[in-house]
Trainee: 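Right, I'll just put the structure down here and ask away after.
Order of listing sets the numbers, starting from 1, for every ligand and every atom in it.
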Amino acid sequence: MPWCYPNPWTGNTKRVRKVLALLLVLALAALTAATTASAREGSRFHPAVETRLGIVATESPAAAQVGRDVLERGGNAADAAAATVFALNAARPQSCGIGGGGFLVYREANGRSDSIDFRETAPAAFTPDTLVPPGLHKTFTGHLTVGVPGTLAGLDLLLHRYGTRSLAQSIAPAAQLARRGVPVEQSLSDSMAANADRLKLFPAAAAQFLQNGEPYPAGSILRQPDLARSLELIARKGTRAFYGGEIAQRIVDDMHTGATQPGDDHKLELGDFKAYRSKSRRPLVGGYRGRTIVSVPPPSSGGTTLLEMLNILSGYDLRGLGPSSADELHFVAEAQKLAWADRNKYVADPDFVDVPTAGLISPRYGAQRRAEIDPAHAQTYEPGTPPQSSSHHKPGGSPADTNPQASTTHVSIIDSRGNAIALTCTIEQEFGSAVVAPGTGFLLNNELTDFGDPGTANEPGPGKRPRSSMAPTIVVQGRTPVLVVGGAGGARIIMGVVDSVLNVIDFGYDIAHAVDAERTDDPTGTMTIEDARIDASVLDELTARGHTLARVGEYDIRPRVQAAGIDPRTGVRSGVSDPRTDQATLAQRYRARRSR
Ligand code: GLY
């Protein structure tokens with residue numbers, strides 16, 4: 001007889017029943033402990049916002065309200081994104097606006113994906129040596145650092161392709177915020193204080209963002225009438241008011257009359273504005289453990305680096321190793337250094353440089369690079385030779401990005417129909433170049449400081465776009481966008497996205513835990529590590545393997561991630577803002593009466 005013990009559920013032995021019940025309780029307790037250990041919540045953990053309608057994740061409460069409002073009036077994800085970004089110009093002016101640029105990935109509910117590059121562009125007079133001599137630009141400040149802004153052209157293209165509302169409708173809420181005023185968040189007040197000395201170099205910037213030379217206190221109201229006028233002008237006359245008209249003229253006039261600080265210089269002319277185009281580019285598509293990853297192509301390095309890392313990591317059982325185990329952190333760090341060496345050498349503006357994009361993101365190349373990893377020792381790596389790389393690649397790589405302050409912001413939106421957008425916009429570091437051309441009301445970017453040294457693929461050039469780290473990305477499971485993600489924080493952005501993707505796919509975290517979890521970043525041999533939630537034995541083991549650790553405590557200040565996603569089983573949408581920044585994720589509360 002195969003079953004020789006009394007059956008505990010029907011049998012007669014109370015003692016066996018008790019033992020089994022105890023075992024069950026212990027097993028459940030162990031399971032709960034394991035789950036908690038694998039997603040140890042930080043002190044700032046926030047649960048996700050959930051809905052069956054649309055969701056807007058940003059790091060600006062005022063801008064998120066504008067985006068949600070558009071969804072509630074029947075706009076789609078593209079409409080909501082455009083209005084949200086214009087609103088960010090008024091409410092989070094230190095990070096994003098029509099004086100800057102960015103990248104987006106849009107995925108329609110029918111499964112078609114697109115990406116738009118609205119990166120800033122160097123003036124025609126820019127040469128590889130322009131940024132070499134000493135000057136104000138070495139402090140990431142002033143007129144020479146300003147590229148032709150792309151945000152307005154990018155949003156206009158987005159609305160033309162996918163939107164249902166006009167540019168004027170999309171701008172109206174932002175113009176109202178600028179005219180009536182927005183509450184100053186603590187983050188804006190802090191950033192005003194940190195940048196006050198730079199702002200004081202340029203009178204229009206100081207007048208707009210300081211009160212008697214001091215930052216606006218948190219909770220006070222910031223009114224920006226010049227910004228309201230610029231936005232209203234664009235709403236009336238369209239993009240030509242900016243690129244061929246009054247606004248470009250004001251900026252160029254300021255280039256000629258306002259670059260008066262010692263060491264300041266300028267190159268931007270009216271012809272550069274007239275020549276500017278946002279570009280639709282085929283998004284990068286890769287696979288990772290049965291999911292489809294859709295991300296941005298060069299000139300951002302975000303997509304190639306993410307996909308190369310995922311290809312390398314696909315050879316390891318990260319789930320089996322365990323999140324934030326020594327092995328998992330070791331393999332992620334080694335994969336990052338490998339992908340980073342390739343990023344630094346190869347990725348630049350593909351309209352000027354032969355970028356071996358397909359080779360960099362090929363699974364076979366990822367496997368080749370993986371073979372260089374020693375499981376027991378941390379290493380540094382040379383760039384590899386991806387398929388399609390040719391002999392005319394420039395020697396040497398651009399050094400790691402130099403601006404430690406780089407900022408930016410990100411918006412993730414899903415609408416009730418399932419259209420999804422991941423959009424990252426920037427004026428480079430907080431407060432950009434610190435220049436506001438008188439009468440315009442918006443900050444000009446300092447994006448040209450994202451160029452590398454002369455002689456590298458990412459060297460400056462006339463009409464060229466500097467390499468970016470922005471990584472707006474959509475992860476699709478079956479036909480469902482389960483993670484719509486991106487972040488802020490300059491070159492730190494990429495690992496914010498990589499960690500979020502691994503946490504969702506490998507470790508099965510919901511998006512709130514995925515974004516909250518501890519992060520690492522190891523581009524070239526020093527691992528910045530949010531160590532507070534990591535076991536001491538793991539930190540010791542990493543050091544023993546040769547990793548140099550820069551411990552930053554529980555939460556670093558960047559990268560700052562925004563995420564949304566649809567649960568493929570239930571259709572419920574959830575969204576979350578990174579605990580490292582302002583909480584501004586909002587769910588659509590009701591369906592529009594007339595949905596378009
Ligand atoms: N300026 C930030 C980036 O483009 O990555």
Trainee: Would you mind checking if Arg369 and Asp342 are paired as a salt bridge, meaning a charged N to carboxylate O distance below 4.0 Å?
Mentor: yes
Trainee: For Arg467, which part has a heavy atom under 4.0 Å from ligand 1: side chain, backbone, both, or neither?
Mentor: neither
Trainee: Which of the atoms of ligand 1 are close to Met470, meaning less than 4.0 Å from one of its heavy atoms?
Mentor: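 Here the atoms of ligand 1 in question are 4 (O), 5 (O).
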Trainee: For Asp521 and Arg492: C-alpha separation, side-chain torsions, deciding distance, then whether salt bridge (Lys or Arg N to Asp or Glu O under 4.0 Å) applies.
Mentor: CA-CA 7 Å; Asp521 186 66; Arg492 302 283 303 274; 3.5 Å; yes
Trainee: Would you call Asp349 and Lys279 a salt bridge, using N to O less than 4.0 angstrom?
Mentor: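 No, Asp349 and Lys279 are not salt-bridged.
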Trainee: Taking distance alone, with no angle check, do Thr408 and ligand 1 share an N/O pair under 3.5 Å?
Mentor: no
Trainee: As an exercise, identify every atom of ligand 1 less than 4.0 angstrom from a heavy atom of Glu428.
Mentor: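 Close to Glu428: 1 (N), 2 (C).
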Trainee: Answer yes or no for Gln429: is there a heavy-atom contact with ligand 1 below 4.0 Å?
Mentor: no
Trainee: Pick one: which of Leu199, Leu444, Asn445 meets side-chain contact (heavy atoms from CB on, under 4.5 Å) with Val435?
Mentor: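 Only match with Val435 under side-chain contact (heavy atoms from CB on, under 4.5 Å): Leu444.
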Trainee: Below 4.0 Å, non-hydrogen atoms only: which portion of Glu447 touches ligand 1? Side chain, backbone, both or neither.
Mentor: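 For Glu447, the contact with ligand 1 is made by the side chain alone.
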Trainee: Please enumerate all residues that pass salt bridge (charged side-chain N to carboxylate O under 4.0 Å, His left out) together with Glu334, with sequence neighbours excluded.
Mentor: Lys337
